Amino acid sequence: MRRPRSRRCRLLTACCALLFTALTPGVAQAAAQVQAQVPTPTPAATATATADPLSDEVPAVRPLDPRITEIMRKPAYRHALWGLYQKRPETGEVLHSELADRFFLPGSTAKLFSVSGAWHTLGGDHRFVTPVHAVGTRRGSTLEGNLDLVAQGDLTMGGRTRPDGTVAFTDVDHTYANDIPGATLTPENPLAGLDEIARQVRDAGITRVEGDVIIDDRLFEREPVFDPVPTPLIINDNVIDLLTTPGASPGDPARLDWRPRVAPYQVTSSVRTVAAGEPTNITVTASDDGTRIQLSGTIAADSDPVLRISDIADPAAFGRTALIEALGRAGVTVTADADGPNPADRLPADYRGDPRVAAYTSPPYAEYAKLILKVSHNLGANLAICLMAVSTGSHDCMAGFPVLARFLEGAGVDPTQIQLLDGRGGDPVDRATPLAEAQLLEYWLRTDEATRFREALPILGVDGTLADSCRDCPARGKVFAKTGTVAGYDALNDRLAVGAETIAGYLETGDGHYDVFYAGVNGAATPTADISGVLDIANDLAMIAAYLQEDAGQPQEETGQPREDAGQGT
């Protein structure tokens, strides 16, 4: 059985996952090295142009709002390094600039690069078509041979698709359920795509397969550097959802539901109901192959249902079994055993002469981009790199980075101001300058996809990772931005080291106009090891964005003064 992680380890993962970035060894140390390079900006320095001879920054023209400088003076940032940039693209005016050409840990704002590259390479309207071929001989309604599903890198395979074709998401995604309170499920059937394929096979006149079902996952190879590792076939984000509900009374066994129910996966639970107000603590362990899952612990009688997840260790084998079961539900008998490994060694060299008997068509890539950016979907961001590699005919995900570099150059973004070894901003290598992020955001304003890209970002006080910030302030609904966090446990001081907290996106300035902006801090720290300290820092960055937006539409002589109707956020 896999050993459950320690409570402290889970807490640390939550610190990063909550704002959807990586918790990787050495990140906090790297942040400390970065923050030692340049002293923390004082409010006076931020309000005026710097005289650094090494800097290529354009001098800023506006002083900072005092509410922002007040945030920067908080104890959490005593030894931290701030970066700030705000530009009005229509005029070229740089409203704020502080260390904008210096490297910062990006956290999940790195997803702006990977998703943009894939969006440009594939096209926002690109749809993934996952075909199934009948390999063998048809005799009436019987196929003597195999059904081969050729995986195409579809991120959800219908598992989140609403009736109107959009992709469903929740503000706290189920992929973070082991670490973050409040993670919830979308109502869509995670096996919807496979059920649709099975119906099409039946409609094609096949009712019996005297052979096997095989998943062709040769689209690209697994890249172990990425975490999580993308696979060509993805069902339910490659996880099993485990939902625990309190029993009727303290002492009763908790109720368990799980999905998707696919053999040979088996789930058992020893979770007990405890009195209202008592701790809820549920642990998940699994066998090495992931097929035997055990839940243990307690759930309070007054608790809402608690979601946990367990990884699918072999997505191809899981998909094969799930498709055989879907075919059975559709009235198609497969003689091969549903359980067992995926027999990929029996795949043909190609499918010339093998008829296509079914195909599942995905929503457009722009919908997947919205999912990735709104909830900071790590698997989807890493998948974007692999999909760019596939566009060149390569099976090596690392071949996606040259594609991304060429896109960035064409978009007017200096690729030397970016360092990446994944698509989600979770590797210790990852760095980006505020200028590079702003250049990318400015590029999108010049495209026909400007509105669709902007609305794919979290919206302040409305949805995604910004849903719970600034719900009652004047900037609510007027900031569209990607957030990012890098954090880890500082054992020396028993606190959380926040290597990075970042936010980058657009500020609505009125009449359909938008500034591009970036705000980020490297080297912050929380007072204790409680995750609430990270939430406070994240909210500080959200409020900085809110104050920048409030001032963005004010004449210069009016900026920098607190407004009586300014909200304080949540």
Side-chain angles (χ1 to χ4, degrees), residues 1-24 159-160 170-186 190-191 227-229 231 234-247 251-274 278-315 317-319 321-322 339 375-379 426 489 529 531:
M1 298 286 286
R2 297 173 184 169
R3 294 181 62 189
R5 292 174 299 166
S6 69
R7 184 176 182 86
R8 174 162 288 167
C9 181
R10 289 182 57 199
L11 171 64
L12 298 184
T13 304
C15 288
C16 285
L18 183 61
L19 294 150
F20 311 104
T21 57
L23 230 190
T24 49
R160 294 179 185 251
T170 60
D171 293 331
V172 182
D173 193 63
H174 76 134
T175 53
Y176 299 101
N178 285 2
D179 307 299
I180 306 171
T184 55
L185 295 171
T186 62
L191 300 176
D227 179 19
V229 179
T231 52
I234 299 171
I235 304 296
N236 200 43
D237 299 309
N238 290 342
V239 299
I240 302 292
D241 296 316
L242 312 160
L243 192 66
T244 299
T245 303
D252 289 348
R255 297 190 296 273
L256 172 68
D257 192 13
W258 61 281
R259 71 174 203 182
R261 292 178 178 261
V262 173
Y265 282 72
Q266 296 181 12
V267 182
T268 57
S269 174
S270 61
V271 177
R272 308 292 296 181
T273 307
V274 295
E278 292 294 314
T280 293
N281 185 15
I282 299 175
T283 300
V284 178
T285 57
S287 58
D288 289 340
D289 66 359
T291 63
R292 299 294 184 270
I293 302 168
Q294 170 70 37
L295 285 78
S296 59
T298 59
I299 184 169
D302 58 346
S303 172
D304 291 332
V306 174
L307 182 64
R308 294 287 185 264
I309 59 171
S310 186
D311 292 338
I312 294 171
D314 188 341
F318 179 88
T321 300
D339 294 354
V375 309
S376 215
H377 197 281
N378 290 327
L379 182 63
Y489 179 59
I531 192 174

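Predicted model only: the values in this text are computed from it and were never measured.
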Closest non-hydrogen atom pair, Ile293 against Gly290: CG1-O, 3.7 Å
Any Val267 side-chain heavy atom under 4.5 Å of Leu295 side chain: yes
CA sep, side-chain torsions, deciding dist, call: Val271, Val306, side chain to side chain contact (heavy atoms under 4.5 Å, CB included): CA-CA 11 Å; Val271 177; Val306 174; over 6 Å; no
Separation of Ile309 CD1 from Asn238 CG (nearest 0.5 Å): 10.5 Å
Qualifying residue, where the test is side-chain contact (heavy atoms from CB on, under 4.5 Å) with Ile312 and the options are Asp289, Ile240, Val239: Ile240
Side chain to side chain contact (heavy atoms under 4.5 Å, CB included) assessment of Leu307 paired with Leu185: CA-CA 8 Å; Leu307 182 64; Leu185 295 171; 3.8 Å; yes
Distance, nearest 0.5 Å, that separates OG1 of Thr285 from CZ of Arg292: 13.0 Å
N/O donor-acceptor pair under 3.5 Å between Thr298 side chain and Pro279 backbone: yes
Nearest atoms (heavy-atom pairs only) where Thr170 meets Val375: O-CG1, 3.1 Å
Gln294 CD to Leu242 CG distance, which is reported to the nearest 0.5 Å: 10.5 Å
Side chains of Pro260 and Tyr265 in contact at under 4.5 Å (non-hydrogen atoms): no
Result of checking Asp237, Thr184, Thr186 against His174 for side-chain contact (heavy atoms from CB on, under 4.5 Å): Asp237
Polar contact flag, side-chain donor to acceptor under 3.5 angstrom, Thr175-Asn378: no
Spacing of OG1 belonging to Thr280 relative to CG belonging to Asp302, to within rounding of 0.5 Å: 7.5 Å
Gap between atom CZ of Phe318 and atom CG of Asn236 - 0.5 Å precision: 7.0 Å
Under 3.5 Å donor-acceptor, Arg308 side chain and Val284 backbone: no
Heavy-atom pair of closest approach, residues Arg255 and Pro246: NH1-O, 3.1 Å
Closest non-hydrogen atom pair between Leu256 and Ser269, with its separation: CD2-CB, 3.9 Å
Closest non-hydrogen atom pair between Gly247 and Asp252, with its separation: CA-CB, 4.2 Å
Taking every non-hydrogen atom, the tightest pair across Pro190 and Ile235: O-CG2, 3.8 Å
Rounded distance (nearest 0.5 Å) linking atom CG of Asp241 with atom CH2 of Trp258: 11.0 Å
pair Thr321-Asp339: side-chain heavy atoms closer than 4.5 Å: yes
